Amino acid sequence: MSAAQTETMAMGKAINAALADSLEEDPSIILSGEDIGQLGGVFRVTDGLQDRFGKDRVLDSPLAESAIVGTAVGMTYAGLRPVVEIQFDGFIYPAFDQIVAQVAKLQYRTGGLHRMPITIRVPFGGHIGSVEHHSESPEAYFAHTAGLRVVTASSPQEAYSTLRAAIKSDDPVLFFEPKAKYWSKGEVDRTVVRDLETAAVLQSGRDVTLATYGPTVELAMGAAAAAADEGIEIEVIDLRSISPLDVDTVAASVRRTGRLVVAHESQAECGIGSELITSICETAFTSLEAAPERVTGYDIPYPPAAWEGEFLPGVDRLLDAVDRTLGRKNSRDFMRGGAAA
C-alpha cells in the first residue's frame with residue numbers, strides 16, 4: 001500500500017467517508033436517522049452529508065426508532081438501499097420488532113424474491129461515561145436472529161471497509177460502531193475492500209489465542225504487548241464479524257496455541273464469547289491444553305458511569321485470564337456467566 005493511497009482519519013471521519021463514497025456511487029442509497037442531517041449526528045459522524053447530497057437523500061427522521069427501521073423496510077420495496085442510524089445502542093429496543101420480525105425474515109418469507117439491503121448503524125459500547133441507555137452492548141440479541149449479519153470495526157480502516165461492504169450487501173446488516181473509538185486515528189486506504197465474514201489475525205503468537213472484537217481489540221493488543229515483556233506470545237484475533245462467526249480462523253489459531261481467551265464488553269451469559277468457546281470445543285477440543293476463559297462485562301445491568309471502569313474488561317483482567325490458561329494462576333470459581341474479576 002503506497003502512502004499516496006492512504007489518509008489519516010479518525011474512525012468517525014472514516015465512517016463519514018464511507019457514507020459519502022457510497023452516496024456518490026449509488027443513487028439508490030438513502031440515509032435516515034435522528035438529527036443526522038443538519039446537526040450531523042450526535043457524534044458528528046454524518047456532518048456535511050446533507051449539505052452535499054441534499055435533504056432527499058440524507059433524511060432527518062422523527063424520534064422513533066420503530067418508524068426509522070419500518071420506513072427503511074418500505075424503502076426496499078421502492079428499490080432503495082437505506083442506511084439508517086440508531087442514535088445510541090440503548091435506543092435500538094423500540095425497533096427490535098421491526099428488525100427481528102421484518103428485516104430479518106422478509107427475504108426468507110419471499111423465497112429470496114425480495115432482498116433486504118438495509119444497513120443499520122449502531123454506536124455501541126462503553127468508555128465514554130454516559131448516562132443510562134447510552135452505553136450498552138446489545139449485539140448478542142441480534143446475532144441470535146437468523147437472517148441478519150452483525151459486524152463491527154476496531155479501527156478507522158476497518159470502519160471504512162466494513163461499512164462499504166455492508167452497504168453493498170443485499171443482506172440486512174447491523175454495523176456496531178464502538179463509540180469510544182470515534183476519535184481514534186489511523187491510516188485509511190479507500191481502495192481496500194473486505195468481506196463481511198472473515199476474522200483477522202492482528203498479531204501472531206504461539207502461547208495463547210485471544211479473540212475479541214470492536215472496542216476491546218485495542219485492549220487485546222495492549223495485553224499482548226505487556227505479555228511479550230514476560231516472554232509470552234499472544235495471538236490476537238479481531239473477529240470483525242459477530243454473525244456469522246469465523247470459527248475456522250479461531251480454530252486454526254487454537255490448534256497452534258492450545259489455549260483460548262475470548263473478550264468482549266457485553267455480559268457473559270449467552271454472549272458471543274459463550275458461542276465461540278462452544279464452537280471451538282466442538283471443532284478443536286483435542287487441541288485445547290486448558291479450559292477456555294471469558295473476560296466480559298458482568299451479568300448486571302450496565303452500571304452508572306462512576307462504576308464503568310469496574311464493569312468493563314481491562315488489560316489486567318485479560319492478562320489474568322491468559323495466566324490462568326497457562327497455569328500461572330490457579331483457577332477459581334467464577335460468578336454466574338464466567339466474567340473474570
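Residue numbers start at 1 and run along the sequence shown. The shown structure was predicted, so the numbers you read here are calculated from the model rather than taken from an experiment.
His134 and Phe91 have their aromatic ring centers within a separation under 6.0 angstrom. Checked against the 6.0 Å centroid threshold, Phe96 and Phe142 count as a close aromatic pair.
In this view, Asp21 and Arg190 satisfy the salt bridge (charged side-chain N to carboxylate O under 4.0 Å, His left out) rule, not counting sequence neighbours. For Thr46, the side-chain contact (heavy atoms from CB on, under 4.5 Å) criterion is met by Leu19, Ile36, Leu49, Glu85, Arg121, not counting sequence neighbours. Looking at residues two or more places apart in sequence or on another chain, you find a side-chain hydrogen bond (donor to acceptor under 3.5 Å, both in side chains) between Asp238 and Ser154. Every residue meeting the side-chain contact (heavy atoms from CB on, under 4.5 Å) condition with Thr71, not counting sequence neighbours, appears here in chain and number order: Met75. Remark: Ser243 engages Ala143, Val150 in a side-chain contact (heavy atoms from CB on, under 4.5 Å) (not counting sequence neighbours). Evaluation of the side-chain hydrogen bond (donor to acceptor under 3.5 Å, both in side chains) rule for Thr191 yields Asp189 as partners, not counting sequence neighbours. With sequence neighbours left out, Pro123 forms a side-chain contact (heavy atoms from CB on, under 4.5 Å) with Phe43, Lys179, Tyr182. Applying the side-chain hydrogen bond (donor to acceptor under 3.5 Å, both in side chains) criterion to Glu235, with sequence neighbours excluded, gives Ser253, Arg256.
Contact of the Lys185 side chain with the Met9 side chain is not registered, since no non-hydrogen atoms from C-beta on lie closer than 4.5 Å. Side-chain contact between Phe175 and Thr152 is absent, with no heavy atoms from C-beta onward closer than 4.5 Å.
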> Between Leu174 and Arg149, does a side chain to side chain contact (heavy atoms under 4.5 Å, CB included) hold up when you go through it step by step?
Replying inline: CA-CA 6 Å; Leu174 271 76; Arg149 291 184 181 273; over 6 Å; no
>> Between Asp207 and Arg259, is the salt bridge (charged side-chain N to carboxylate O under 4.0 Å, His left out) condition met? List the steps.
In response: CA-CA 7 Å; Asp207 297 318; Arg259 297 171 176 85; 5.8 Å; no
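The distance from atom CD1 of Ile99 to atom CG of Leu148, rounded to the nearest 0.5 Å, is 7.5 Å.
Contacts classified as salt bridge (Lys or Arg N to Asp or Glu O under 4.0 Å) and involving residues 270-279 (residues at least two apart or in different chains) are not found. Pairs of residues two or more places apart, or lying in two chains, that qualify as salt bridge (Lys or Arg N to Asp or Glu O under 4.0 Å) and include a residue from residues 43-64 are Glu24-Arg52. Contacts classified as side-chain hydrogen bond (donor to acceptor under 3.5 Å, both in side chains) and involving residues 301-311 (residues at least two apart or in different chains) are given here: Tyr302-Glu308.
Residue Leu39 belongs to no hydrophobic cluster, having no ILVMFWY side-chain heavy atom closer than 4.5 Å to its own.
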